[in-house]
*Asks:* 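This structure is in structure tokens; I'll ask about it shortly.
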Amino acid sequence: MTEETNSPRNQQHHMMLHMETNRVSAPHFTGDNDSEDPLLFLDEFKKAALANNWKQDDCKIDMMALSLKESAKLWYREEFTRSRNTKFDNGSSDCFVSQFTDEFVTTRWKERYQIDYRQRIQVSNERGSEYMSSKVALAHRYEKASKTTIEIHDKIHDIISGLRLEYRDQIRETPETIKELQPQLSLMERNMNMIRMTVRLGNIPLPRQQHLAIRNQLESQHANIASVNYNRHDRHQNNRETN
């Protein structure tokens with residue numbers, strides 16, 4: 001149970017706090033499982049709390065009371081357990097966020113989060129690094145909702161599988177960590193930009209054409225380097241014979 005938030009004294013306290021610190025409007029949540037994403041609501045509320053400088057746990061919980069409506073407000077009044085030491089979000093089982101997710105992140109939402117993660121692929125004109133950041137965020141959301149952990153090698157496999165073919169063709173060795181994958185994606189982006197400039201087209205070439213273009217370009221670069229080194233050696237040899 002929590003302290004009655006609709007008493008005249010608490011209403012006045014909440015309204016004064018809201019008027020003084022509400023630079024960014026906080027979202028509302030009614031508890032409608034069919035239309036409201038509970039984790040998205042929490043993320044938006046945290047952004048509002050940061051923008052409005054709501055730093056104290058009591059302040060965040062008090063302001064949350066104003067954001068909850070209908071069945072969610074009823075849960076806050078009747079079922080949310082709050083003590084003097086209750087934190088807003090510290091990972092403990094009795095903090096507000098844990099109690100909220102236990103109540104409103106239903107099996108249906110967990111399944112939806114998993115589907116969103118599994119089906120996320122790199123779309124046209126999306127940078128590899130942007131896709132990876134989005135995929136990792138979806139993985140984190142699913143892990144948080146289901147209270148499970150996706151193994152790192154499985155996560156890397158899922159990220160690579162979702163890359164467009166012209167990106168996957170450039171991967172020679174599977175990295176062991178996501179941090180190691182980042183520079184590979186950056187290198188891929190540079191390769192793609194070089195190809196766009198080479199063919200002078202606004203779109204990426206077909207995967208097979210792109211793969212051949214990269215290979216030919218790298219071979220040409222190696223040939224140029226070898227030629228330069230040979231010429232230097234030849235000039236050096238001639239100078240020695242002359243002397």
*Asks:* Looking only at heavy atoms, what is the nearest atom pair of Ser161 and Arg168, with distance?
*Replies:*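 What the structure gives for the nearest pair is O-NH1, 3.5 Å.
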*Asks:* Run the numbers on Arg118 and Gln114 for side-chain contact (heavy atoms from CB on, under 4.5 Å), then give the verdict.
*Replies:* CA-CA 6 Å; Arg118 298 298 182 191; Gln114 184 181 33; 4.2 Å; yes
*Asks:* If I compare all heavy atoms of Pro175 with all of Ile160, which pair ends up nearest, and what's the gap?
*Replies:*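 Distance-wise, the nearest heavy atoms are CD-CD1, 4.2 Å.
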*Asks:* Could you check whether any side-chain N or O of Gln170 sits under 3.5 Å from a backbone N or O of Glu166, counting only pairs where one atom can act as donor and the other as acceptor?
*Replies:* yes
*Asks:* Does Arg172 use its side chain to pair, donor to acceptor, with the backbone of Asp169 at less than 3.5 Å?
*Replies:* yes
*Asks:* Given the rule in the side-chain contact (heavy atoms from CB on, under 4.5 Å) test, do Asp89 and Leu42 qualify, once you have shown the distances and angles that lead to the verdict?
*Replies:* CA-CA 10 Å; Asp89 184 18; Leu42 285 177; over 6 Å; no
*Asks:* Does a side-chain heavy-atom distance below 4.5 Å link Lys60 with Met64?
*Replies:* no
*Asks:* Does a side-chain N-to-carboxylate-O contact under 4.0 Å join Glu36 and Lys69?
*Replies:*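 Result for this pair is no, no salt bridge flagged.
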*Asks:* Check this for me: does any side-chain nitrogen of one of Arg82 and Asp58 sit under 4.0 Å from a carboxylate oxygen of the other?
*Replies:*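 Yes, charged N to carboxylate O under 4.0 Å.
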*Asks:* Can you establish whether the number of heavy atoms outside Glu176 located under 6.0 Å from its atom CD is more than 12?
*Replies:*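 12 or below, so no.
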*Asks:* Flag the pair Asp102 / Lys147 as yes when at least one side-chain heavy-atom distance between them is below 4.5 Å, and no otherwise.
*Replies:*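 A side-chain contact under 4.5 Å exists here.
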*Asks:* Under the 3.5 angstrom rule, does the side chain of Ser134 hit a backbone N or O of Tyr131 as a donor-acceptor pair?
*Replies:* no
*Asks:* Taking atom NZ of Lys135 and atom CZ of Arg120, what is their separation to the nearest 0.5 Å?
*Replies:* 8.0 Å
*Asks:* What pair of heavy atoms forms the shortest contact from Ala72 to Gly31, and how long is it?
*Replies:* CB-N, 3.9 Å
*Asks:* Do the non-hydrogen side-chain atoms of Tyr113 and Ser146 ever get within less than 4.5 Å of each other?
*Replies:* no
*Asks:* Indicate the atoms forming the closest heavy-atom contact of Glu103 with Glu79, along with that distance.
*Replies:* OE1-OE1, 3.9 Å
*Asks:* If only atom types and distance count, is the side chain of Gln99 paired as donor or acceptor with the main-chain N or O of Asp94 below 3.5 Å?
*Replies:*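 Side chain of Gln99 to backbone of Asp94, a donor-acceptor pair under 3.5 Å: yes, one is there.
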*Asks:* Side chains of Ser35 and Thr30: closer than 4.5 Å at any heavy-atom pair?
*Replies:*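 In short, these two side chains do not touch, never coming nearer than 4.5 Å.
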*Asks:* For Asp116, is there an ion pair with Arg141 - N to carboxylate O distance below 4.0 angstrom?
*Replies:*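 Result for this pair is yes, salt bridge flagged.
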*Asks:* Tell me whether Ile152 is reachable from Leu185 by hopping between hydrophobic residues (I, L, V, M, F, W, Y) whose side-chain heavy atoms are closer than 4.5 Å.
*Replies:* yes
*Asks:* Any sub-3.5 Å donor-acceptor pair from Glu143's side-chain atoms to Ile150's backbone N or O?
*Replies:* yes
*Asks:* Count the heavy atoms of every other residue, nucleotide or ligand shown that sit under 6.0 Å from CZ of Arg127, and state whether that count exceeds 12.
*Replies:*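 Atom CZ in Arg127 is not crowded, with 12 or fewer foreign heavy atoms closer than 6.0 Å.
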*Asks:* If we ignore hydrogens and angles and just use 3.5 Å, is the side chain of Glu130 paired with the main-chain N or O of Glu126 as donor and acceptor?
*Replies:* no
*Asks:* Measure across Asp37 and Trp109 and return the closest heavy-atom pair with its distance rounded to 0.1 Å.
*Replies:*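 Closest approach of Asp37 to Trp109, heavy atoms only: CA-CH2, 3.4 Å.
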*Asks:* Quick one: does any side-chain atom of Asn90 pair with a main-chain N or O of Ser92 as donor and acceptor, under 3.5 Å?
*Replies:* yes
*Asks:* For atom NZ of Lys47, decide whether the heavy atoms of other residues, nucleotides or ligands shown that lie under 6.0 angstrom number more than 12.
*Replies:* no
*Asks:* Would you say the side chain of Thr86 lies within less than 4.5 Å of the side chain of Asp57, judging by non-hydrogen atoms?
*Replies:* no
*Asks:* In terms of relative ring orientation, are Phe100 and Phe41 parallel, tilted or perpendicular, with 30° and 60° separating the classes?
*Replies:*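 Phe100 vs Phe41 ring planes: tilted.
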*Asks:* For the rings on Phe29 and Phe45, is their centre-to-centre separation under 6.0 Å?
*Replies:* no
*Asks:* What is the distance from atom CZ of Phe104 to atom CG of Leu68, rounded to the nearest 0.5 Å?
*Replies:*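 Nearest 0.5 Å value for the CZ-CG distance: 7.0 Å.
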*Asks:* Roughly how far, to the nearest 0.5 Å, is CD1 of Ile159 from CG of Leu138?
*Replies:* 10.5 Å
*Asks:* Looking at Gly128, is its backbone amide N or carbonyl O close enough to the side chain of Glu189 to form a donor-acceptor pair, meaning the two atoms are under 3.5 Å apart?
*Replies:*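 Yes; judged by distance alone, with no hydrogens or angles, the pair exists.
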*Asks:* Quick check: closest heavy atoms across Lys155 and Ile178, and the distance to 0.1 Å?
*Replies:* CD-CD1, 3.7 Å
*Asks:* Are any non-hydrogen side-chain atoms of Leu163 and Ile171 less than 4.5 angstrom apart?
*Replies:* yes
*Asks:* Is the shortest heavy-atom distance from the side chain of Phe96 to the side chain of Lys87 under 4.5 Å?
*Replies:*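 No. Closest side-chain heavy atoms not under 4.5 Å.
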